[in-house]
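Data block below; observations after.
From a predicted model like this one, the values you see are computed outputs, not experimental measurements. Each chain gets a letter, A, B and so on, in the order the sequences are listed, and its residues count up from 1. Note: hydrogens, waters and symmetry copies are ignored here, and every other heavy atom, side chains too, is used.
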2 protein chains.
Amino acid sequence: MSTPFYSIGQLAKLAACKVETIHYYEKTGLMPEPPRTEGGHRSYALQHVKRLNFIRRSRELGFTIEQIRKLLRFIDEPDHYCGEIKAMAMQQAREVQQKINDLERLKEGLNLMVAQCKGQGYSVDDCPIIEALYIAPE
Amino acid sequence: MSTPFYSIGQLAKLAACKVETIHYYEKTGLMPEPPRTEGGHRSYALQHVKRLNFIRRSRELGFTIEQIRKLLRFIDEPDHYCGEIKAMAMQQAREVQQKINDLERLKEGLNLMVAQCKGQGYSVDDCPIIEALYIAPE
DNA sequence: ATAAAACCTATAGTAACTACAGGTTCAAGA
DNA sequence: TCTTGAACCTGTAGTTACTATAGGTTTTAT
């Protein structure tokens, strides 16, 4: 079996993120400062791979760094309970729904404009898209 | 009737954006450098109100500054035709749809986690949300 | 005339990274 | 063992679209 230590490049591959991002997470305290080799290279263990995966997947779900910091505190301190984490996930789901609603309205507006636009061959002066955006005050 | 000149503060109110944002748009070339008063204050006319409204509404529809710069070039140069603008609006609609799809998947993931979580009273060790995020390699 | 509100410029800060520059260490082949 | 190239190191600057602050000047209203 191989030793359970990973270079930062290996960690990056295992958790599907970039080396620079790991540096950044370390600087901002999401990832711990790992032990180093003689020469000063970072040396990671399996727990780091797990933690970084957690961070990446949380980012993919739209959590901000600050929210993830909070989630990690819940995990790091063993006296916290699941309720707080559930509440955060529910809140996050609500925010995502809100964003979806906004984008749906936005899409409506765009489609309306596109439908009305005669397209090629007509000058910008007659373009209803421009019209729609260029609302003159009074 | 009043003179058709507006201070930057009045312009900001008429186009529903902040004074600092107008400064920023000027620096980055979206808004032109307007004439000044004796004392050096910016003096705007109706065309500026229209242009700033155009920019704001385009931003609300999710266009980036670079895209708006392009749209404004189409408008500023009288030899362009509506087709290019229609194409940009359609492309934008496609991108918005893509974002909506991504967020829908994300919401699914969150709701699944929330549904499985027993909540209050259970320790973090048993939490399926943590479980779902903390995917161990190997 | 005076004082408050609005304006001016320039710089730094925000989120979450990404991309250098210029140097050091590690791993593999000859 | 030596060498070379890949991977690593630190630190700083750039990205997007603004927002905020500081410290000073002009305008406007009383």
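Separating the OH atom of Tyr24(B) from the P atom of dG13(C) is a distance of 18 Å, rounded to the nearest angstrom. One interatomic measurement links the two molecules: CD1 of Ile68(A) to P of dA16(C), which rounds to 8 Å at whole-angstrom precision. In this structure, CD of Glu26(B) is placed 11 Å from C1' of dT9(C), rounded to the nearest angstrom. A straight line from CZ of Phe63(A) to P of dA16(C) spans 13 Å, rounded to a whole angstrom. The distance between atom CD1 of Ile55(A) and atom C1' of dA16(C), rounded to the nearest whole Å, is 13 Å.
Using a 4.5 Å heavy-atom cutoff, the side chains of Ile55(A) and Met31(A) are in contact. In this structure, the side chains of Leu71(A) and Phe54(A) come closer than 4.5 Å at one or more pairs of heavy atoms. Looking at Leu52(A) and Tyr44(A), their side chains never come closer than 4.5 Å, going by heavy atoms from C-beta outward. A heavy-atom distance below 4.5 Å is found between the side chains of Gln92(B) and Glu95(B). Looking at heavy atoms from C-beta onward, Glu26(B) lies in side-chain contact with Pro34(B) at the 4.5 angstrom threshold.
For His41(A), the ring-ring contact (aromatic ring centres under 6.0 Å, His included) test picks out no residue, with sequence neighbours left out. Under the side-chain contact (heavy atoms from CB on, under 4.5 Å) criterion, Ala16(A) pairs with Arg56(A), sequence neighbours left out. In this structure Arg94(A) satisfies the salt bridge (charged side-chain N to carboxylate O under 4.0 Å, His left out) test with no other residue, sequence neighbours excluded. The side-chain contact (heavy atoms from CB on, under 4.5 Å) test applied to Thr21(B) returns Cys17(B), Lys18(B), Tyr25(B), not counting sequence neighbours. Residues satisfying the side-chain contact (heavy atoms from CB on, under 4.5 Å) test with Lys70(B), not counting sequence neighbours, are Arg73(B), Met88(B). In this structure Glu104(B) satisfies the salt bridge (charged side-chain N to carboxylate O under 4.0 Å, His left out) test together with Lys107(B), sequence neighbours excluded.
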Between the protein and nucleotides 19-23 of chain C, which nitrogen or oxygen pairs are less than 3.5 angstrom apart?
none

Listing time: all N or O pairs from protein to nucleotides 5-7 of chain C that are below 3.5 Å?
unit_1 : atom_1 : unit_2  : atom_2 : d
dC7(C) : OP1    : Ser7(B) : OG     : 2.7
dC7(C) : OP1    : Gly9(B) : N      : 2.8

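A donor-acceptor contact shorter than 3.5 Å links the side chain of Gln10(B) to the backbone of Ser7(B).
In this structure, Arg69(B) pairs ionically with Glu66(B), as a charged nitrogen and a carboxylate oxygen lie closer than 4.0 Å.
Of all nucleotides in DNA chain D, those with any atom nearer than 4.0 Å to a heavy atom of chain A start and finish, going 5' to 3', at dC8(D) to dT12(D).
Distances shorter than 4.0 Å separate some side-chain N or O of Tyr25(A) from OP1 or OP2 on dC17(C).
Within residues 93-109 of chain B, no residue is approached by DNA chain C to less than 4.0 Å at the level of any non-hydrogen atom. Within residues 29-37 of chain A, the residues approaching DNA chain D are Arg36(A), by heavy-atom distance under 4.0 Å.
For residues 27-38 of chain A, no pair satisfies side chain to side chain donor-acceptor pair (under 3.5 Å), with sequence neighbours left out.
Follow the hydrophobic side-chain contacts under 4.5 Å out from Leu112(B) and you never reach Leu103(B); the two are in separate clusters.
Across all non-hydrogen atoms, the minimal contact from Thr64(B) to Arg59(B) is CA-NH1, 4.0 Å.
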